[in-house]
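Working notes, structure below.
Chain A is the first sequence line, chain B the second, and so forth, proteins listed ahead of strands; every chain is numbered from 1. In this text the structure is predicted, and so the values were computed from the model without any measurement.
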Amino acid sequence: MNKLNKTLNVKRDNLLTVYFTAGYPRLEDTAPILLSLQAAGVDIIEIGMPYSDPVADGPTIQESNKRALENGMSINLLFEQLKSIKDQLTVPVVLMGYLNPVLRMGMDVFCAKCKESGVSGIILPDLPAREYDLHYREKMEANGLSNIFLITPQTSNDRIREMDNITNSFMYMVSSPGITGAKSGISEDQIKYFERVNALKLNNPRLIGFGISSNETFKQACRYSNGAIIGSAFINVLSSAKDLAEAIPAFIAEIKKGI
Amino acid sequence: MNYHVDEHGYYGEFGGMFIPEMLFPNVEELRNSYLSIIQSDAFKKEFEGLLTDYVGRPTPLYFANRLSEKYQTNIYIKREDLNHTGAHKVNNTIGQILLAKKLNKKKIIAETGAGQHGVATATVCALMGMECKVFMGQVDTVRQRPNVERMKMLGAEVIPVTSGSQTLKDATNEALRYWIGHPDDTHYIIGSVVGPHPYPDMVARFQSIISKEIRAQLMVKTGKGLPNKVIACVGGGSNAIGAFYEFIDEPEVELIAVEAGGEGVKSGRSAATTALGSTGVLHGSKTLLMQDEDGQVIEPHSISAGLDYPGIGPQHAHLFATGRATFLNATDEEAMVAGMELTREEGIIPAIESAHAFAALKMLNFSKDEVVVVNLSGRGDKDLEAYINWGKY
Ligand SMILES: Cc1ncc(COP(=O)(O)O)c(C=O)c1O
């Protein structure tokens with residue numbers, strides 16, 4: 001059982017997951033941001049592995065990917081940064097990225113390094129369920145890694161169940177058709193979709209992501225799920241903050257207000 | 001050896017559908033329906049009718065007298081440049097727009113590099129009265145300006161893409177992002193044999209008309225349907241697959257693919273994917289692509305916007321890996337020289353993409369009695385400025 005499983009076993013409400021891109025805004029910011037999010041009481045941290053062609057991401061995260069690569073960020077360096085604070089990190093860490101850099105490193109090496117650096121889970125939006133199940137599931141499970149699947153308003157109930165059966169972590173519910181990006185409200189259609197998935201009574205908890213940007217949208221999302229994921233809105237904080245050590249706790253406190 | 005797609009969308013180890021879940025329903029819908037739609041009699045009748053009456057097919061297979069004399073062999077040129085809109089791209093866009101209509105899609109999106117695929121898409125959208133958005137790298141909108149205006153005249157919205165290197169790869173990313181956000185009413189007409197399954201196979205089938213005609217035309221002209229060599233340029237690889245298709249399972253036919261060497265394979269400014277690439281995942285399929293040691297995609301370079309792409313279609317990756325096709329590359333300069341040679345010897349100004357195929361004539365040995373087919377994928381009108389800037393005529 002990895003740290004992510006442990007967290008999900010004890011907490012099933014208002015789970016706050018925050019995404020940021022490794023090596024952004026500066027190369028050496030990864031570790032301090034992690035520790036700062038942990039101290040602020042975030043439940044799960046999702047770290048983006050920057051990629052040259054992030055097709056599922058909107059302009060905010062595209063930009064952070066680009067800047068991180070210009071800063072010299074790489075997956076190998078991320079593993080080193082993670083190892084350097086491994087003993088201080090209690091919060092579960094999930095890596096999000098695209099398949100190509102992982103295949104380039106080799107899935108075996110990648111999984112082993114994830115384990116070594118204390119990573120619990122992996123999100124690769126362009127790794128389809130069938131490929132995962134056929135070629136990579138064994139490798140990830142052997143290293144104690146949870147693979148996290150995305151589901152969308154267009155995903156059929158059958159397919160959601162198939163994915164629910166081959167993972168042991170959480171289902172990442174993409175809130176609406178579209179790429180990542182901070183949005184303002186939650187619509188009737190979205191609520192219908194959240195309720196449809198709710199009614200499936202899945203094995204795994206569900207976290208809602210894409211477009212969750214504020215205290216209000218976080219609370220709304222939590223009403224229909226076990227928690228939510230904030231990405232672009234947090235990247236915007238990192239981009240504009242004068243002092244990360246102040247801005248991060250302030251932002252997280254604001255998101256969690258009234259919870 | 002099987003050189004064609006299997007039921008999971010693979011060509012050997014290449015292909016597949018590596019797409020975010022957001023695209024799964026769209027791609028799955030295509031996968032489930034493309035064969036039954038395009039193999040139906042009604043579809044074939046409409047497709048072939050438009051290719052004949054609207055596109056102007058069959059395109060001639062022209063025996064190039066002076067070029068044959070020069071290279072001491074028998075060179076036939078497949079005149080895809082004579083298609084409506086000036087390139088082979090329209091074979092695919094006609095097919096895909098008919099398919100989109102059958103799937104009840106209301107809107108069309110496309111990516112474009114040189115603008116030829118964008119123009120071919122805007123054209124069929126005008127023909128069918130469908131809304132059309134074309135994503136084009138900002139850099140390409142400048143270097144292919146006449147095509148931008150052609151698309152606008154045809155009623156398409158041209159969306160300049162400012163992410164990444166602002167060329168074909170980024171236009172493709174942006175089209176995929178748009179499709180993710182508009183899954184219900186929009187069909188994405190991909191312009192080459194790239195992308196997730198079933199695109200590579202579907203586009204190959206639409207382009208296979210090129211080699212079907214070559215075979216029939218050679219039969220009449222030479223008494224034999226099979227040439228000794230078929231030569232074509234490769235960006236993503238659609239004109240090449242189209243020219244190879246009928247001959248892939250005829251081992252005596254040599255298949256020769258010519259990639260863009262840019263300023264030279266070792267110059268750091270090249271688009272010769274098989275020479276420089278390794279296995280990876282790009283735009284939804286596992287294929288050969290140019291990447292650095294961290295798996296970041298490398299920006300390619302070619303003088304021709306249509307070949308300026310860091311990957312190749314998965315079927316080409318398989319033809320390369322199995323040795324079924326020979327991959328050569330021609331530099332910017334070699335392509336320009338070959339383009340001028342065709343212009344002076346035969347009175348045909350080729351697209352710079354197609355000129356890469358003709359550059360291979362200097363790299364190969366021919367016997368006097370063999371039959372060589374070169375696929376002239378497009379005409380050079382769009383490239384006049386590049387020829388003028390090059391200036392050596
Ligand atoms: C005339 C011409 N030939 C070739 C290509 C390259 O595409 P493909 O390799 O798919 O044939 C293009 C692309 O724009 C083109 O316009």
Side-chain angles (χ1 to χ4, degrees), chain A residues 49-59 62-63 65-66 68-70 72-78 97-106 110 123-132 134-135 149-156 159-160 163 171-174 176-181 210, chain B residues 7-10 13 15-29 161-165 169-186 195-197 277-287 289-299 310-311:
Chain A
M49 302 178 281
Y51 183 47
S52 53
D53 295 82
V55 283
D57 286 299
Q62 283 174 41
E63 184 61 25
N65 275 248
K66 190 172 164 213
L69 290 174
E70 285 164 4
M73 197 60 209
S74 69
I75 303 181
N76 272 319
L77 186 54
L78 172 59
Y98 292 83
L99 188 55
N100 195 54
V102 171
L103 290 183
R104 181 72 183 178
M105 176 174 278
F110 177 77
I123 307 173
L124 296 169
D126 55 351
L127 174 60
R130 178 178 176 274
E131 294 285 338
Y132 165 73
L134 279 178
H135 303 298
F149 290 107
L150 267 51
I151 58 178
T152 82
Q154 276 74 31
T155 311
S156 69
R159 201 169 151 76
I160 294 175
M163 293 192 250
M171 305 299 285
Y172 192 133
M173 287 178 65
V174 175
S176 60
I179 51 182
T180 57
F210 287 36
Chain B
E7 61 179 310
H8 298 298
Y10 275 87
E13 65 162 310
M17 31 197 307
F18 293 88
I19 44 166
E21 181 62 25
M22 296 81 112
L23 288 178
F24 185 85
N26 286 32
V27 175
E28 186 69 359
E29 177 183 36
V161 173
T162 54
S163 58
S165 58
K169 160 178 88 78
D170 311 286
T172 308
N173 288 340
E174 215 48 46
L176 287 168
R177 289 184 184 116
Y178 183 89
W179 205 24
I180 286 172
H182 302 81
D184 293 328
D185 60 351
T186 302
H197 176 66
S278 52
T279 303
V281 169
L282 179 69
H283 297 145
S285 67
K286 190 181 273 190
T287 188
L289 65 111
M290 290 165 49
Q291 54 183 324
D292 69 15
E293 57 191 26
D294 291 328
Q296 308 295 342
V297 182
I298 290 175
E299 305 299 348

Given a strict heavy-atom distance threshold of 4.5 Å, which part of [X] is in contact with chain B: side chain, backbone, both, or neither?
X: A/Phe210; answer: side chain
X: A/Leu150; answer: both
X: A/Leu69; answer: side chain
X: A/Pro59; answer: neither
X: A/Asp57; answer: backbone
X: A/Gln154; answer: both

Under 4.5 Å from any heavy atom of chain A - which part of [X]:
X: B/Leu23; value: neither
X: B/Asn26; value: neither
X: B/Phe24; value: side chain
X: B/Glu28; value: neither
X: B/Leu176; value: side chain

Atom [atom1] in [X], atom [atom2] in [Y]: separation rounded to 0.5 Å?
X: B/Gln291; Y: A/Ser52; atom1: CD; atom2: OG; result: 9.0 Å
X: B/Asp294; Y: A/Met49; atom1: CG; atom2: CE; result: 12.0 Å
X: A/Glu131; Y: B/His8; atom1: CD; atom2: NE2; result: 9.5 Å

For chain B, find which of A/Leu103, A/Asn76, A/Asp53 contributes the most heavy-atom pairs closer than 4.5 angstrom.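 Greatest number of close heavy-atom pairs with chain B: A/Asp53.
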Which one wins on heavy-atom pair count under 4.5 Å against chain B: A/Lys66, A/Arg159, A/Arg130?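 Heavy-atom pair counts peak at A/Arg159.
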Just to verify, which of A/Ile179, A/Thr152, A/Val55, A/Thr155 counts as forming a side-chain contact (heavy atoms from CB on, under 4.5 Å) with B/Met22?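 Result for side-chain contact (heavy atoms from CB on, under 4.5 Å) with B/Met22: A/Thr152.
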Looking only at heavy atoms, which two atoms of [X] and [Y] are closest? And how far apart?
X: A/Leu99; Y: B/Phe18; result: CD2-CD2, 3.4 Å
X: A/Ile151; Y: B/Glu21; result: CA-CG, 4.2 Å
X: A/Tyr51; Y: B/Val281; result: OH-O, 3.9 Å
X: A/Pro101; Y: B/Gly295; result: CG-O, 3.9 Å

CD/B/Glu293: more than 12 non-hydrogen atoms of other groups inside 6.0 Å: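 Check fails, neighbour count at 12 or below.
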Could you please spell out the steps behind the side chain to side chain contact (heavy atoms under 4.5 Å, CB included) verdict for B/Leu289 and A/Asn100? CA-CA 10 Å; B/Leu289 65 111; A/Asn100 195 54; 4.1 Å; yes
If we only count heavy atoms from C-beta on, is the A/Arg104 to B/Ser278 side-chain gap below 4.5 Å?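 Yes, close enough: below the 4.5 Å cut-off.
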